Amino acid sequence: MVGARPQFIKSALLLRELERRQIERRLVHTGQHYDHAMSQVFFDELGLPQPDYSLGCGSASHAVQTAEMMRALEPVFERERPSYVVVFGDTNTTLAGALTAAKLRIPVVHVEAGLRSFNRAMPEEVNRVVADHVASILCAPSERAAAQLASEGIRAGVHVVGDLMIDLVKIVRDALPERPPILERLALTRGSYALATIHRAANTDDPHAFADIVSGLRRLPLPVIFPVHPRSAPLVTAFDVGAGDGIVPIEPLPYEDTIALAAHARVVLTDSGGLQKEAVFLGVPCVTLRNETEWAETLDDGWNALAGTDPSAIERLALRPKPLMASRSFIGDGACAQRIAEILIERAPASPSNACGAQPPKTATVS
Ligand code: UD1
(Lines give C-alpha, C1' and ligand atoms only; values in the text may rest on other atoms or scores of the structure.)
Protein backbone atom coordinates (compact mmCIF):
# COMPACT_ATOMS: atom_id res chain seq x y z
CA MET A 1 0.00 0.00 0.00
CA VAL A 2 1.26 3.42 -0.92
CA GLY A 3 -0.38 6.83 -0.95
CA ALA A 4 1.93 9.59 0.21
CA ARG A 5 5.30 10.76 -1.04
CA PRO A 6 7.52 8.99 1.52
CA GLN A 7 5.78 5.71 0.75
CA PHE A 8 6.69 5.85 -2.92
CA ILE A 9 10.30 6.17 -1.77
CA LYS A 10 10.07 3.50 0.96
CA SER A 11 8.37 0.95 -1.28
CA ALA A 12 10.79 1.23 -4.22
CA LEU A 13 13.42 -1.28 -3.14
CA LEU A 14 10.91 -3.72 -1.68
CA LEU A 15 8.86 -3.74 -4.87
CA ARG A 16 12.03 -4.42 -6.87
CA GLU A 17 12.91 -7.27 -4.56
CA LEU A 18 9.43 -8.81 -4.79
CA GLU A 19 9.71 -8.57 -8.57
CA ARG A 20 13.16 -10.19 -8.55
CA ARG A 21 11.87 -13.12 -6.50
CA GLN A 22 8.69 -13.33 -8.55
CA ILE A 23 6.56 -12.87 -5.48
CA GLU A 24 3.06 -12.05 -6.65
CA ARG A 25 1.85 -8.66 -5.50
CA ARG A 26 -0.72 -5.98 -6.13
CA LEU A 27 0.15 -2.33 -5.68
CA VAL A 28 -2.56 -0.11 -4.22
CA HIS A 29 -2.25 3.70 -4.37
CA THR A 30 -4.78 5.42 -2.14
CA GLY A 31 -4.34 8.76 -3.89
CA GLN A 32 -3.52 10.63 -0.65
CA HIS A 33 -0.90 12.51 -2.65
CA TYR A 34 -2.09 13.17 -6.18
CA ASP A 35 -0.21 16.17 -7.64
CA HIS A 36 2.22 15.13 -10.37
CA ALA A 37 5.17 16.49 -8.38
CA MET A 38 4.06 14.67 -5.22
CA SER A 39 3.24 11.32 -6.82
CA GLN A 40 3.83 10.41 -10.50
CA VAL A 41 7.32 11.94 -10.51
CA PHE A 42 8.42 9.28 -8.01
CA PHE A 43 6.80 6.43 -9.92
CA ASP A 44 8.73 7.49 -13.02
CA GLU A 45 12.01 8.22 -11.28
CA LEU A 46 12.11 5.16 -9.04
CA GLY A 47 10.69 2.80 -11.65
CA LEU A 48 7.67 1.86 -9.56
CA PRO A 49 5.11 -0.29 -11.33
CA GLN A 50 1.84 1.44 -12.11
CA PRO A 51 -0.65 0.69 -9.32
CA ASP A 52 -3.05 -2.20 -9.80
CA TYR A 53 -5.58 -0.14 -7.88
CA SER A 54 -5.71 3.67 -7.77
CA LEU A 55 -8.33 4.64 -5.25
CA GLY A 56 -8.35 8.39 -5.83
CA CYS A 57 -8.93 9.28 -2.17
CA GLY A 58 -7.46 12.77 -2.03
CA SER A 59 -7.46 15.47 0.60
CA ALA A 60 -10.06 15.77 3.32
CA SER A 61 -10.21 15.92 7.10
CA HIS A 62 -8.41 13.07 8.83
CA ALA A 63 -11.60 11.16 9.57
CA VAL A 64 -13.01 11.59 6.08
CA GLN A 65 -9.72 10.84 4.32
CA THR A 66 -9.12 7.70 6.39
CA ALA A 67 -12.73 6.56 6.10
CA GLU A 68 -12.81 7.05 2.32
CA MET A 69 -9.66 4.98 2.01
CA MET A 70 -11.11 2.22 4.19
CA ARG A 71 -14.33 2.12 2.17
CA ALA A 72 -12.36 1.84 -1.04
CA LEU A 73 -9.88 -0.72 0.32
CA GLU A 74 -12.31 -3.22 1.76
CA PRO A 75 -13.62 -4.56 -1.57
CA VAL A 76 -10.07 -4.65 -2.96
CA PHE A 77 -8.82 -6.73 -0.04
CA GLU A 78 -11.90 -8.96 -0.19
CA ARG A 79 -11.42 -9.56 -3.89
CA GLU A 80 -7.68 -10.18 -3.69
CA ARG A 81 -7.56 -11.91 -0.30
CA PRO A 82 -3.80 -11.38 -0.08
CA SER A 83 -1.56 -13.33 2.28
CA TYR A 84 -0.48 -9.97 3.70
CA VAL A 85 -1.13 -6.29 3.44
CA VAL A 86 2.14 -4.35 3.67
CA VAL A 87 1.90 -0.79 5.00
CA PHE A 88 4.75 1.71 5.34
CA GLY A 89 5.43 4.41 7.90
CA ASP A 90 2.86 6.56 9.61
CA THR A 91 0.48 8.30 7.23
CA ASN A 92 -3.30 8.12 6.99
CA THR A 93 -2.74 5.61 4.17
CA THR A 94 -0.86 3.42 6.67
CA LEU A 95 -3.68 3.67 9.18
CA ALA A 96 -6.43 2.94 6.67
CA GLY A 97 -4.58 -0.05 5.21
CA ALA A 98 -3.73 -1.52 8.60
CA LEU A 99 -7.22 -1.14 10.06
CA THR A 100 -9.05 -2.42 6.99
CA ALA A 101 -6.82 -5.47 6.68
CA ALA A 102 -6.91 -6.24 10.41
CA LYS A 103 -10.71 -6.15 10.41
CA LEU A 104 -10.74 -8.60 7.50
CA ARG A 105 -8.25 -10.74 9.43
CA ILE A 106 -5.61 -10.34 6.76
CA PRO A 107 -2.15 -10.21 8.39
CA VAL A 108 -0.67 -6.72 8.38
CA VAL A 109 3.03 -6.16 7.80
CA HIS A 110 4.15 -2.79 9.17
CA VAL A 111 7.40 -1.52 7.71
CA GLU A 112 9.04 1.07 10.03
CA ALA A 113 7.50 -0.37 13.16
CA GLY A 114 8.40 0.79 16.67
CA LEU A 115 9.08 4.47 16.03
CA ARG A 116 7.68 6.92 18.56
CA SER A 117 7.78 10.69 18.95
CA PHE A 118 5.75 10.34 22.19
CA ASN A 119 3.63 13.24 20.98
CA ARG A 120 0.05 12.07 20.50
CA ALA A 121 -0.89 15.47 19.09
CA MET A 122 0.85 14.38 15.88
CA PRO A 123 -1.51 12.52 13.56
CA GLU A 124 1.45 10.38 12.49
CA GLU A 125 2.04 9.20 16.07
CA VAL A 126 -1.53 7.94 16.35
CA ASN A 127 -1.17 6.21 12.99
CA ARG A 128 2.07 4.44 13.98
CA VAL A 129 0.77 3.27 17.34
CA VAL A 130 -2.39 1.82 15.80
CA ALA A 131 -0.53 0.19 12.90
CA ASP A 132 1.96 -1.44 15.27
CA HIS A 133 -0.75 -2.76 17.54
CA VAL A 134 -2.76 -4.41 14.77
CA ALA A 135 0.21 -5.71 12.76
CA SER A 136 1.21 -9.39 12.70
CA ILE A 137 4.68 -8.78 11.30
CA LEU A 138 6.56 -5.74 12.53
CA CYS A 139 9.61 -4.74 10.53
CA ALA A 140 11.59 -2.51 12.88
CA PRO A 141 14.43 -0.42 11.47
CA SER A 142 16.60 -0.78 14.61
CA GLU A 143 17.05 -2.56 17.94
CA ARG A 144 15.86 0.67 19.57
CA ALA A 145 12.54 0.45 17.71
CA ALA A 146 12.21 -3.26 18.60
CA ALA A 147 12.84 -2.42 22.28
CA GLN A 148 10.08 0.20 22.12
CA LEU A 149 7.67 -2.41 20.78
CA ALA A 150 8.69 -4.80 23.58
CA SER A 151 8.02 -2.06 26.14
CA GLU A 152 4.48 -1.88 24.76
CA GLY A 153 4.08 -5.65 25.06
CA ILE A 154 4.66 -6.39 21.36
CA ARG A 155 7.27 -9.14 21.03
CA ALA A 156 5.81 -11.69 18.61
CA GLY A 157 6.41 -11.03 14.93
CA VAL A 158 9.05 -8.33 15.50
CA HIS A 159 12.03 -8.39 13.11
CA VAL A 160 14.88 -5.89 12.99
CA VAL A 161 15.37 -5.47 9.25
CA GLY A 162 17.19 -2.15 8.71
CA ASP A 163 15.88 0.83 6.82
CA LEU A 164 14.58 0.86 3.24
CA MET A 165 15.03 4.63 2.98
CA ILE A 166 18.66 4.51 4.03
CA ASP A 167 19.39 1.66 1.62
CA LEU A 168 17.90 3.73 -1.20
CA VAL A 169 19.64 6.99 -0.29
CA LYS A 170 22.96 5.15 -0.26
CA ILE A 171 22.40 3.86 -3.80
CA VAL A 172 21.34 7.28 -5.05
CA ARG A 173 24.16 9.14 -3.27
CA ASP A 174 26.77 6.80 -4.72
CA ALA A 175 25.40 7.42 -8.22
CA LEU A 176 25.21 11.23 -7.97
CA PRO A 177 27.14 13.04 -10.69
CA GLU A 178 30.13 15.14 -9.66
CA ARG A 179 28.14 18.29 -10.33
CA PRO A 180 24.42 17.50 -9.84
CA PRO A 181 22.19 19.35 -12.33
CA ILE A 182 19.98 20.78 -9.58
CA LEU A 183 22.97 22.70 -8.17
CA GLU A 184 23.64 24.15 -11.64
CA ARG A 185 20.00 25.01 -12.13
CA LEU A 186 19.82 26.90 -8.83
CA ALA A 187 23.35 28.34 -9.25
CA LEU A 188 24.51 26.91 -5.92
CA THR A 189 27.96 26.05 -4.70
CA ARG A 190 28.56 23.17 -2.33
CA GLY A 191 28.32 23.88 1.38
CA SER A 192 27.12 27.45 0.86
CA TYR A 193 23.35 27.10 1.18
CA ALA A 194 20.73 25.63 3.49
CA LEU A 195 17.93 23.25 2.49
CA ALA A 196 14.59 23.64 4.31
CA THR A 197 11.30 21.77 4.19
CA ILE A 198 8.12 22.37 6.23
CA HIS A 199 4.94 20.34 6.04
CA ARG A 200 3.91 19.00 9.46
CA ALA A 201 0.40 19.92 10.53
CA ALA A 202 1.72 21.54 13.72
CA ASN A 203 3.84 23.93 11.63
CA THR A 204 1.36 24.63 8.86
CA ASP A 205 -2.03 24.64 10.59
CA ASP A 206 -0.79 27.31 13.00
CA PRO A 207 0.34 30.41 11.04
CA HIS A 208 2.29 31.66 14.09
CA ALA A 209 4.42 28.51 14.10
CA PHE A 210 5.09 28.89 10.37
CA ALA A 211 5.90 32.59 10.79
CA ASP A 212 8.36 31.81 13.60
CA ILE A 213 10.17 29.23 11.47
CA VAL A 214 10.37 31.65 8.55
CA SER A 215 11.72 34.33 10.83
CA GLY A 216 14.46 31.89 11.93
CA LEU A 217 15.27 31.02 8.30
CA ARG A 218 15.46 34.72 7.39
CA ARG A 219 18.22 35.20 9.96
CA LEU A 220 20.56 32.76 8.24
CA PRO A 221 23.50 34.31 6.38
CA LEU A 222 23.16 31.94 3.44
CA PRO A 223 20.51 31.19 0.82
CA VAL A 224 17.79 28.85 2.03
CA ILE A 225 16.42 26.57 -0.71
CA PHE A 226 12.83 25.76 0.22
CA PRO A 227 10.93 23.12 -1.81
CA VAL A 228 7.35 23.94 -0.88
CA HIS A 229 4.94 21.13 0.08
CA PRO A 230 1.36 21.89 -1.07
CA ARG A 231 0.33 22.16 2.56
CA SER A 232 2.73 25.11 3.03
CA ALA A 233 2.04 26.87 -0.27
CA PRO A 234 -0.70 29.25 0.96
CA LEU A 235 1.50 30.33 3.87
CA VAL A 236 4.43 31.04 1.57
CA THR A 237 2.21 33.49 -0.28
CA ALA A 238 0.65 34.94 2.87
CA PHE A 239 4.02 35.66 4.48
CA ASP A 240 5.76 36.84 1.28
CA VAL A 241 8.40 34.18 1.67
CA GLY A 242 11.11 34.66 -0.94
CA ALA A 243 10.61 38.39 -1.47
CA GLY A 244 14.24 39.44 -1.05
CA ASP A 245 14.67 37.61 2.25
CA GLY A 246 17.27 35.02 1.24
CA ILE A 247 14.71 32.22 1.08
CA VAL A 248 14.22 30.59 -2.32
CA PRO A 249 10.83 28.83 -2.52
CA ILE A 250 10.73 26.22 -5.29
CA GLU A 251 8.35 23.48 -6.44
CA PRO A 252 8.51 20.10 -4.65
CA LEU A 253 11.55 18.24 -5.99
CA PRO A 254 12.04 14.76 -7.37
CA TYR A 255 13.95 12.34 -5.17
CA GLU A 256 17.42 12.47 -6.71
CA ASP A 257 17.41 16.27 -6.75
CA THR A 258 16.41 16.32 -3.09
CA ILE A 259 19.23 13.98 -2.15
CA ALA A 260 21.72 15.95 -4.25
CA LEU A 261 20.67 19.21 -2.59
CA ALA A 262 20.77 17.66 0.88
CA ALA A 263 24.16 16.04 0.28
CA HIS A 264 25.81 19.35 -0.63
CA ALA A 265 23.99 21.65 1.81
CA ARG A 266 25.71 23.39 4.72
CA VAL A 267 22.72 22.46 6.87
CA VAL A 268 19.27 20.89 6.46
CA LEU A 269 16.32 22.36 8.38
CA THR A 270 13.19 20.23 8.32
CA ASP A 271 10.17 18.85 10.09
CA SER A 272 10.22 15.73 7.89
CA GLY A 273 11.16 12.43 9.48
CA GLY A 274 12.76 11.04 6.34
CA LEU A 275 14.88 14.07 5.53
CA GLN A 276 16.27 14.19 9.10
CA LYS A 277 17.82 10.78 8.78
CA GLU A 278 18.86 11.31 5.16
CA ALA A 279 20.77 14.44 6.21
CA VAL A 280 22.48 12.62 9.06
CA PHE A 281 23.32 9.68 6.81
CA LEU A 282 24.77 12.09 4.22
CA GLY A 283 26.94 13.73 6.88
CA VAL A 284 25.09 17.05 6.85
CA PRO A 285 24.02 18.68 10.14
CA CYS A 286 20.26 18.81 10.60
CA VAL A 287 18.00 21.16 12.54
CA THR A 288 14.62 19.65 13.28
CA LEU A 289 11.78 22.15 13.31
CA ARG A 290 9.90 20.23 15.97
CA ASN A 291 10.27 19.65 19.70
CA GLU A 292 10.77 15.92 19.38
CA THR A 293 11.77 13.29 16.86
CA GLU A 294 10.78 9.68 16.34
CA TRP A 295 14.29 9.09 14.96
CA ALA A 296 16.04 9.55 18.32
CA GLU A 297 19.29 8.10 16.97
CA THR A 298 19.70 11.18 14.74
CA LEU A 299 20.40 13.17 17.92
CA ASP A 300 23.38 10.97 18.84
CA ASP A 301 26.74 12.69 18.35
CA GLY A 302 25.05 16.04 17.65
CA TRP A 303 24.19 15.54 13.97
CA ASN A 304 20.58 16.49 14.54
CA ALA A 305 19.27 19.10 16.98
CA LEU A 306 15.73 20.03 18.00
CA ALA A 307 14.90 23.71 17.52
CA GLY A 308 11.11 23.65 17.60
CA THR A 309 9.89 26.85 15.99
CA ASP A 310 12.01 29.28 18.03
CA PRO A 311 13.76 31.70 15.60
CA SER A 312 16.85 32.15 17.83
CA ALA A 313 17.26 28.40 18.32
CA ILE A 314 16.87 27.85 14.56
CA GLU A 315 19.59 30.42 13.84
CA ARG A 316 21.96 29.20 16.55
CA LEU A 317 21.60 25.51 15.74
CA ALA A 318 21.80 26.03 11.98
CA LEU A 319 25.15 27.75 12.42
CA ARG A 320 26.60 25.29 14.93
CA PRO A 321 29.87 23.68 13.90
CA LYS A 322 29.75 20.33 12.18
CA PRO A 323 30.18 17.49 14.72
CA LEU A 324 33.70 16.12 14.82
CA MET A 325 32.74 12.49 15.04
CA ALA A 326 31.07 10.85 12.05
CA SER A 327 27.53 9.68 12.76
CA ARG A 328 27.15 5.96 13.32
CA SER A 329 23.38 6.02 13.47
CA PHE A 330 22.49 4.75 10.00
CA ILE A 331 24.73 2.25 8.31
CA GLY A 332 22.53 1.00 5.49
CA ASP A 333 23.81 -2.45 4.58
CA GLY A 334 21.53 -2.56 1.54
CA ALA A 335 19.80 -5.76 2.68
CA CYS A 336 16.55 -4.44 4.18
CA ALA A 337 14.35 -5.34 1.20
CA GLN A 338 15.83 -8.85 1.03
CA ARG A 339 15.16 -9.39 4.74
CA ILE A 340 11.54 -8.30 4.44
CA ALA A 341 11.01 -10.47 1.35
CA GLU A 342 12.47 -13.48 3.17
CA ILE A 343 10.21 -12.91 6.17
CA LEU A 344 7.18 -12.74 3.85
CA ILE A 345 8.11 -16.01 2.16
CA GLU A 346 8.92 -17.83 5.39
CA ARG A 347 5.81 -16.67 7.17
CA ALA A 348 3.37 -16.99 4.25
CA PRO A 349 0.25 -18.80 5.41
CA ALA A 350 -0.38 -22.11 3.65
CA SER A 351 -2.60 -21.65 0.61
CA PRO A 352 -5.58 -24.00 0.01
CA SER A 353 -3.57 -25.82 -2.69
CA ASN A 354 -0.94 -26.70 -0.07
CA ALA A 355 -3.61 -28.38 2.01
CA CYS A 356 -4.27 -30.71 -0.95
CA GLY A 357 -0.65 -31.75 -1.00
CA ALA A 358 0.43 -29.60 -3.93
CA GLN A 359 3.96 -28.21 -4.09
CA PRO A 360 4.03 -25.26 -1.65
CA PRO A 361 4.40 -22.10 -3.70
CA LYS A 362 7.39 -19.92 -2.87
CA THR A 363 5.22 -16.89 -3.29
CA ALA A 364 3.26 -14.52 -1.15
CA THR A 365 0.65 -12.11 -2.40
CA VAL A 366 1.37 -8.64 -1.18
CA SER A 367 -0.74 -5.56 -1.55
C1 UD1 B 1 1.28 13.37 4.82
C2 UD1 B 1 1.50 12.49 6.05
C3 UD1 B 1 2.87 12.75 6.66
C4 UD1 B 1 3.96 12.66 5.61
C5 UD1 B 1 3.62 13.62 4.48
C6 UD1 B 1 4.67 13.61 3.40
C7 UD1 B 1 -0.56 11.97 7.26
C8 UD1 B 1 -1.38 12.26 8.45
N9 UD1 B 1 0.51 12.77 7.08
O10 UD1 B 1 1.16 14.71 5.24
O11 UD1 B 1 3.12 11.78 7.66
O12 UD1 B 1 5.19 13.01 6.19
O13 UD1 B 1 2.36 13.25 3.93
O14 UD1 B 1 4.42 14.62 2.46
O15 UD1 B 1 -0.86 11.09 6.50
N16 UD1 B 1 -1.94 18.29 -1.14
C17 UD1 B 1 -1.93 18.69 -2.46
N18 UD1 B 1 -1.45 17.85 -3.38
C19 UD1 B 1 -0.94 16.62 -3.06
C20 UD1 B 1 -0.97 16.23 -1.72
C21 UD1 B 1 -1.46 17.08 -0.77
O22 UD1 B 1 -2.35 19.78 -2.80
O23 UD1 B 1 -0.48 15.88 -3.96
C24 UD1 B 1 -2.44 19.23 -0.11
C25 UD1 B 1 -3.89 19.06 0.19
O26 UD1 B 1 -4.47 20.31 0.17
C27 UD1 B 1 -3.94 18.51 1.61
C28 UD1 B 1 -2.61 18.91 2.18
O29 UD1 B 1 -1.71 19.05 1.08
O30 UD1 B 1 -5.00 19.01 2.32
C31 UD1 B 1 -2.07 17.91 3.11
O32 UD1 B 1 -2.05 16.61 2.53
P33 UD1 B 1 -2.31 15.33 3.45
O34 UD1 B 1 -2.37 14.13 2.61
O35 UD1 B 1 -3.45 15.58 4.36
O36 UD1 B 1 -1.07 15.23 4.42
P37 UD1 B 1 0.41 15.76 4.32
O38 UD1 B 1 0.53 17.04 5.02
O39 UD1 B 1 0.95 15.71 2.93
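Side chains included, hydrogens not; waters and symmetry mates left out as well; all remaining heavy atoms used. Bear in mind that the values here come from a model prediction, so they are computed numbers and not experimental data. All ligand and atom numbering here is 1-based and tracks the order in the structure.
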With a cut-off of 4.0 Å, which atoms of ligand 1 are near a heavy atom of [X]?
{"X": "P6", "value": "6 (C)"}
{"X": "H62", "value": "8 (C)"}
{"X": "D90", "value": "11 (O)"}

To check your reading of the model: name the closest protein heavy atom to [atom], its residue, and the distance in Å.
{"atom": "atom 1 (C) of ligand 1", "result": "Q32 NE2, 3.7 Å"}
{"atom": "atom 30 (O) of ligand 1", "result": "S59 CB, 3.5 Å"}
{"atom": "atom 18 (N) of ligand 1", "result": "D35 OD2, 2.9 Å"}
{"atom": "atom 8 (C) of ligand 1", "result": "N92 OD1, 3.4 Å"}
{"atom": "atom 9 (N) of ligand 1", "result": "E124 OE2, 3.4 Å"}
{"atom": "atom 5 (C) of ligand 1", "result": "H199 NE2, 3.5 Å"}
{"atom": "atom 29 (O) of ligand 1", "result": "R231 N, 3.7 Å"}
{"atom": "atom 24 (C) of ligand 1", "result": "P230 CB, 3.7 Å"}

Verify ring-ring contact (aromatic ring centres under 6.0 Å, His included) between H29 and F43, making sure each step is shown before the conclusion.
CA-CA 11 Å; H29 184 344; F43 277 77; 5.6 Å; yes
Would L282 and W295 show up in the same hydrophobic cluster when neighbours are defined by side-chain heavy atoms closer than 4.5 Å?
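Yes: a chain of side-chain contacts under 4.5 Å links L282 to W295.
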Transitively linked via ILVMFWY side-chain contacts under 4.5 Å: V284 with I171?
yes
Lys/Arg N to Asp/Glu carboxylate O, [X] vs [Y], below 4.0 Å:
{"X": "R316", "Y": "D310", "value": "no"}
{"X": "R26", "Y": "E80", "value": "yes"}
{"X": "R290", "Y": "D271", "value": "no"}

For the CD1 atom of I213 and the CG atom of L269, what is their distance to the nearest 0.5 Å?
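Here the rounded value is 9.5 Å.
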Could you check whether the rings of H199 and H229 sit parallel, tilted or perpendicular, using 30° and 60° as the cut-offs?
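Ring orientation, 0 to 90° scale: parallel.
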Kindly identify the option in H33, Q7, M122, E125 whose heavy atom sits closest to atom 39 (O) of ligand 1.
H33
